[in-house]
Amino acid sequence: MMADKIDIGSMGDYPLLINAARGQQSAQTRTKLVAITGYNSRGGLNSIVVAPDSPVHSLADLRGRTVSTSVGSAGHGLLVQAARKAGLDPGKDFKTENQQPQVGASALQSGAVAALSQFVAWPGLLVFNNQARVLYDGGALGVPTLHGVVVRERYASEHPDVLRAFLAAQLDATGYLHQHPLEAAQTVADATGLPPEVVYLYNGPNGVATFDVTVKPLLRDALAQDVPFLKEIGVLQQVDLAAFVDDRAIREVAGAGYDRDLAGTANPAAIAGTDPVCGRPVTDPARAGEIWPAGAAATQPAATPTCLLRALRALATPPRAAYVPDTVTGTRWFADRSVWVRDPSAGEQDRFKPFTTADGARSYVDAHPGSAVVSFADARSGAGAP
């Protein structure tokens, strides 16, 4: 974009800020953030993963080891912030290897690094392929992550019709994704080579990514909070966010509904319908799950994770995928790759609690006497009669 090779682009939060800072160095290269592509209000788009059989079970176990990430990315920011929150010094307690995601993934599989901290869709892909497990769920950090659309300021001024057409197409694509999530997942899978089940983890109803074009205040604040880290690592000196963020074009294209959507933070693509096993409407995104049966043209909703376990036990063949939200962070994850806790004090349809990480499960058990970590197989068999 600085070389006038690209006029409109989409990128994650940290690259957005670097784009803004470099663009503001000259009137000829200035860029603007004009719309949001998607976001996660807690940071769940990024995760730290380790090999399935790794001896690393907590961030503290990374001491003296090497971690792969892309320096200056949101995955790097997650690593540094999560490490500090756990009482680690990222500059001293472990070594950071600056690698592109695919290189880091290969290094993790070969044992050259102990962990990989990356952004969507690498953690989900590696876990789905049984090549990794989640060590740290970015949703536990509670810091929003986002992707947005940027345009060269000069181009937007000279070709406002093109920018409006692009944003109208983005709105159309977002609406299609909400209305036809399975078809949209297959389209993305065909274009990227990702398994549709991984795309649907992020892009489906109640997905890790919330697709909403509005530039929400919480996302503006998140960008401001990211600036000190990027200054600290030397990839950014100064940026004027007020001059960079400009939602006037998307506001015009979206019309009267913009302010309504701007004020909302709930995922507009929610799991809905009636749970056929527990016989109740699916209304709570914090507990709702979803099964993608093998050979089926539609998914099956589950009101709670326990109801989902019952439904899985009733299936004649294994599903393509099953998804549940983490009990605390809400991060949607694969049911059979989650860590399960049995809490006998919970209601009959809420007895089993899924977590993306072993740390999350242990914290729940520590706070709920009588509860215990169980295997996925035991959770499925112990969930009660359909």
Side-chain angles (χ1 to χ4, degrees), residues 11-19 21 39-40 42-52 54-129 131-147 194 198 202 208-209 222-223 225-236 329 331 356-357 359:
M11 58 192 75
D13 36 15
Y14 285 39
L16 282 170
L17 290 167
I18 296 170
N19 176 285
Y39 71 95
N40 184 285
R42 293 184 59 100
L45 292 173
N46 310 300
S47 301
I48 303 173
V49 298
V50 295
S54 171
V56 175
H57 295 284
S58 69
L59 291 174
D61 293 336
L62 291 177
R63 283 191 172 91
R65 303 178 188 271
T66 301
V67 182
S68 173
T69 191
S70 301
V71 171
S73 72
H76 184 207
L78 167 67
L79 175 64
V80 171
Q81 293 177 77
R84 287 173 176 167
K85 190 175 179 180
L88 298 175
D89 183 338
K92 298 178 180 178
D93 288 330
F94 56 84
K95 179 183 177 183
T96 299
E97 195 72 47
N98 182 17
Q99 296 175 327
Q100 289 298 309
Q102 61 271 30
V103 176
S106 296
L108 182 68
Q109 293 172 56
S110 70
V113 298
L116 173 72
S117 185
Q118 278 296 353
F119 43 79
V120 50
W122 286 95
L125 175 63
L126 293 170
V127 169
F128 180 76
N129 288 337
Q131 296 170 332
R133 59 176 167 82
V134 182
L135 176 71
Y136 189 87
D137 172 4
L141 195 60
V143 178
T145 53
L146 63 124
H147 299 112
L194 288 166
V198 173
Y202 293 101
V208 184
L223 288 172
Q225 293 167 17
D226 292 337
V227 170
F229 169 73
L230 292 175
K231 286 183 177 180
E232 177 188 333
I233 64 173
V235 298
L236 185 150
T329 68
T331 300
T356 54
T357 68
D359 255 0

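Heavy atoms only: backbone and side chains are in, while hydrogens, waters and symmetry mates are out.
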Can you tell me how far the [atom1] atom of [X] sits from the [atom2] atom of [Y], to the nearest 0.5 Å?
X: Y39; Y: D13; atom1: OH; atom2: CG; value: 14.0 Å
X: T357; Y: H57; atom1: OG1; atom2: NE2; value: 12.5 Å
X: N98; Y: S68; atom1: CG; atom2: OG; value: 8.0 Å
X: L116; Y: Q109; atom1: CG; atom2: CD; value: 9.5 Å
X: T145; Y: R42; atom1: OG1; atom2: CZ; value: 11.5 Å

Are more than 12 heavy atoms, taken from residues, nucleotides or ligands other than K231, located less than 6.0 Å from that residue's NZ atom?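 Yes, the 6.0 Å shell around NZ holds more than 12 heavy atoms from other groups.
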Quick check: do [X] and [Y] have side-chain heavy atoms less than 4.5 Å from each other?
X: T331; Y: V208; answer: yes
X: D93; Y: L62; answer: no
X: S54; Y: R133; answer: yes
X: L126; Y: Q118; answer: no
X: L146; Y: L16; answer: yes
X: V120; Y: N40; answer: no
X: I18; Y: M11; answer: no
X: P101; Y: F119; answer: yes

The criterion is ring-ring contact (aromatic ring centres under 6.0 Å, His included); which residues satisfy it with Y202, sequence neighbours excluded?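 So Y202 forms no ring-ring contact (aromatic ring centres under 6.0 Å, His included) with any residue.
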Results of ring-ring contact (aromatic ring centres under 6.0 Å, His included) for Y14 - residues two or more places apart only: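 Counting only residues at least two positions away or on another chain, Y14 forms a ring-ring contact (aromatic ring centres under 6.0 Å, His included) with F229.
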Option passing side chain to side chain contact (heavy atoms under 4.5 Å, CB included) with F94 (candidates L59, V113, D61, L79):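 For F94, the side chain to side chain contact (heavy atoms under 4.5 Å, CB included) test succeeds with only one of L59, V113, D61, L79, which is L79.
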Positive for side chain to side chain contact (heavy atoms under 4.5 Å, CB included) with V56, one of V50, I48, V67: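 Output: one option passes, namely V50.
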Set of residues satisfying side chain to side chain donor-acceptor pair (under 3.5 Å) with respect to E97, sequence neighbours excluded: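 Not a single residue meets the side chain to side chain donor-acceptor pair (under 3.5 Å) criterion with E97.
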Please name the pair of heavy atoms, one in [X] and one in [Y], separated by the smallest distance, quoted to 0.1 Å.
X: V134; Y: D137; answer: CG1-N, 3.9 Å
X: G44; Y: S47; answer: O-OG, 4.3 Å
X: A140; Y: K85; answer: O-NZ, 3.2 Å
X: A112; Y: T66; answer: O-CB, 4.5 Å
X: P144; Y: G142; answer: CD-O, 3.9 Å
X: R65; Y: P55; answer: NH2-CG, 4.1 Å

Is [X] reaching over with its side chain to a backbone N or O of [Y], donor-acceptor style, under 3.5 angstrom?
X: N46; Y: G138; value: no
X: S117; Y: H76; value: no
X: S70; Y: Q99; value: yes

Check the pair W122, V49 against side-chain contact (heavy atoms from CB on, under 4.5 Å), reporting the backbone distance first and the verdict last. CA-CA 9 Å; W122 286 95; V49 298; over 6 Å; no
